[in-house]
Amino acid sequence: IIMAALEEELHQVIERQRGVLFARPAIVHRAMYAGRGVIANNSEFSADRVDSRGYLPVEWWIMSKTEAKNAISKKNEGITAVVINKREVPITELMAVAEEAIFGSHASSWPLTKILDIGGTERTPRYSMMGGEALPEVPPIPCHVHCGEVVNGRCGCGQGKTEAYFFPPLDVPPYNLQLGPVKTRLGLQSHITREEVLKALEQFGRYDDLYSLLSVYEIHPWETWHIEEKVIHAPGPWVTFEIQLPQDDYNMLAWQLGQPLNEPELRNIKDVHQLKGLSHEEALLQGAINWEMNLAGDFKERWWHLCEVLCEGPWGRQVRLFYHSFYGEGFVVKALQSFTRPVDSRPYAGIAWSGVGTVNGQDLDCTAELMKEFLVTPNHSLEICNTAKSGDLIILTVFPLVAKGSV
C-alpha cells in the first residue's frame with residue numbers, strides 16, 4: 001500500500017511539474033583532494049571543514065543512483081534525494097516503485113554525473129632526480145586510473161570506468177573566478193618507458209615523479225575531454241562537469257601532489273588506495289594501464305573536443321558537451337529570452353550553473369539548494385526561460401549512455 005501510494009504521488013508530481021523533478025544535491029566527501037570552495041567549504045583539510053572520516057565535501061553527484069565507494073564508506077553517500085511534495089525521497093526508492101516513470105527504458109544506461117570542485121592550497125611537488133624542477137601549483141586530483149576492481153589479487157576484474165570532462169565557465173555569477181592558466185595531466189608523454197612508470201609507482205607517497213611523466217594540457221572553458229578506462233589522469237584544478245560509467249572504482253597511482261607521507265602511514269595508505277590487494281607494483285602496471293592508449297601520438301586529436309554549437313539565435317545558444325560514449329547539452333539563454341527543447345523519449349538530468357529562470361514553469365536558481373538540480377522525465381519537452389533582466393542563464397545537461405555506433 002505504501003509503495004502504491006508513493007508511485008501515485010510521484011506520477012502526480014511529474015504531471016503537475018510538466019515532467020520535471022527537482023532534487024537536493026548529493027554531496028560526496030573525498031580523502032584525496034581539496035576544492036576551490038565552489039560547492040562547499042572545502043579549500044583545505046582542516047578540522048572545521050572535514051567530516052568525521054577526515055574527508056572534504058568536493059563532489060556533487062547529479063541525479064545519482066550510484067553509491068560512493070570510499071575507503072571508509074557511508075550508507076547512501078552519493079544517492080540523490082528527489083523532492084516529492086516537500087519530502088526528500090532517495091531516487092533508488094522511487095526506482096523501486098516507478099522506474100519507468102523516471103528513466104523509461106534507460107535505467108541501465110544512466111550515467112554517473114558529477115561536479116568536481118578541484119583546488120586547494122598551492123603545493124610544491126617533491127621530485128626525485130628523474131622528476132625535474134618543481135614549481136608551486138594548485139594540486140590536481142592525484143594521478144589515478146580506472147581499471148575495474150581488484151579481486152583475489154587480480155587487477156582489472158570487470159570493466160573499468162570510462163569518463164569525460166566538460167569545463168564550464170567560471171567567470172560567471174555566482175563564482176566570478178579568474179584563475180589564470182590551469183593545467184591538467186592526461187595520458188603519458190610519448191617517450192616515457194615502462195621502467196620509468198614502474199619506478200614512479202614504487203615511489204608512491206615519497207615522490208611525485210609520476211606527475212612529471214604525464215602529458216600536460218591547458219584547460220579552457222567550453223572544451224571537453226574523453227578518458228577511456230586504463231588511461232592515467234590527474235584532472236586539473238578547474239571546477240569540472242564530469243560524466244562517467246555508473247561505478248566508483250579506482251587505483252590511486254600517486255599520492256597528493258607536494259604532500260609526501262610519513263613512512264609509518266605510507267604502507268597502509270599505499271595498500272588501501274594504490275595496490276588494493278595486489279602484491280606488487282608490476283602487477284598494477286600490467287593490469288591497470290593500457291600502454292598503447294596512454295602513449296598514443298594522436299591522443300589529443302582523438303579525445304579532445306571544442307564544444308560545437310548545435311543551435312543558436314537571438315535567444316542564445318545550445319551546445320554539445322560530450323562525445324563518444326557520452327552525450328550532454330549546454331544551454332546559454334540570454335536575459336528575458338526563452339528556448340524550448342522538443343519532446344525526447346530519453347530522460348536527462350540538468351543543473352543551473354549560472355543565473356535564474358524557470359524550466360517548464362518551475363523556478364530555477366543556481367544558488368538555491370532545492371532549485372538548481374532537476375530531471376526531465378521521458379517524453380517531455382523542456383521550456384527554459386531566463387527571467388532575469390541581465391545576465392545569462394546557463395544550464396548543463398546529461399543524457400543516458402550512447403550505444404556504440406550512435407551519434
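It should be emphasised that the depicted structure is a prediction, and the values quoted were computed from it without experimental measurement. What's counted below: heavy atoms across the whole structure, side chains too, no hydrogens, waters or symmetry copies.
Contact record, Cys147 with Asn251: SG-OD1, 3.4 Å, taken as the closest heavy-atom pair. A pairwise comparison of heavy atoms in Lys65 and Thr92 identifies O-CG2, 4.1 Å as the closest pair. Between Arg123 and Pro125, the shortest heavy-atom distance links the atoms O-CD, 3.6 Å. Counting all heavy atoms, side chain and backbone alike, Ile39 lies closest to Val58 at CD1-C, 3.4 Å. When all heavy atoms are compared, the tightest approach of Ser345 to Pro378 is O-CB, 3.3 Å. Nearest heavy atoms, Trp225 versus Lys300: CH2-CG, 3.7 Å.
For the pair Tyr165/Glu223, no side-chain contact is recorded, criterion being any heavy-atom separation below 4.5 Å from C-beta on. Using a 4.5 Å cut-off on side-chain heavy atoms (C-beta onward), Leu370 and Glu88 make contact. Between Trp238 and Thr184, the closest side-chain pair of non-hydrogen atoms is not below 4.5 Å. Between Trp61 and Leu112, the closest side-chain pair of non-hydrogen atoms falls below 4.5 Å. Looking only at side-chain heavy atoms (C-beta outward), Gln362 and Arg18 stay at 4.5 Å or farther from each other.
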Please assess Ser43 against Arg49 for the test side-chain hydrogen bond (donor to acceptor under 3.5 Å, both in side chains), listing each intermediate value before the final yes or no. CA-CA 8 Å; Ser43 59; Arg49 301 182 189 190; 2.4 Å; yes
Might you work through the salt bridge (charged side-chain N to carboxylate O under 4.0 Å, His left out) test for Glu137 and Arg185, ending with a clear yes or no? CA-CA 13 Å; Glu137 62 178 276; Arg185 297 170 170 93; 2.9 Å; yes
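Donor-acceptor pairing under 3.5 Å is lacking for the side chains of Lys161 and Gln247. Residues Tyr127 and Gln203 bring no donor and acceptor atom of their side chains to less than 3.5 Å of each other. Neither side chain, His324 nor Glu228, offers a donor N or O lying under 3.5 Å from an acceptor on the other. A donor-acceptor contact under 3.5 angstrom links the side chains of Asn70 and Arg30, judged on distance only. With 3.5 Å as the limit, one finds no donor-acceptor pair spanning the side chains of Thr224 and Arg320.
Taking the charged nitrogens against the carboxylate oxygens, Lys114 and Glu163 have no contact shorter than 4.0 Å, which rules out a salt bridge. Remark: Arg206 engages Glu263 in a salt bridge, criterion side-chain N to carboxylate O under 4.0 Å.
Figure legend: Lys276 and Tyr250 shown as a cation-pi pair, the cationic atom lying under 6.0 angstrom from the six-membered ring centre and within 45 degrees of its axis. For the pair Arg36 and Tyr175, the cation-pi test (distance below 6.0 Å, angle within 45°) is failed.
Taking CD1 of Ile118 as the reference point, atom CD of Glu242 lies at 8.0 Å (rounded to 0.5 Å). Gln318 contributes atom CD, which lies 11.5 Å from atom CD1 of Ile395 (distance to the nearest 0.5 angstrom). In this structure, the separation between CG on Leu295 and NE2 on His191 is 9.0 Å, given to the nearest 0.5 Å.
Of the possible donor and acceptor atoms, one in the side chain of Asp208 sits under 3.5 Å from a partner among the backbone N and O of Gly258.
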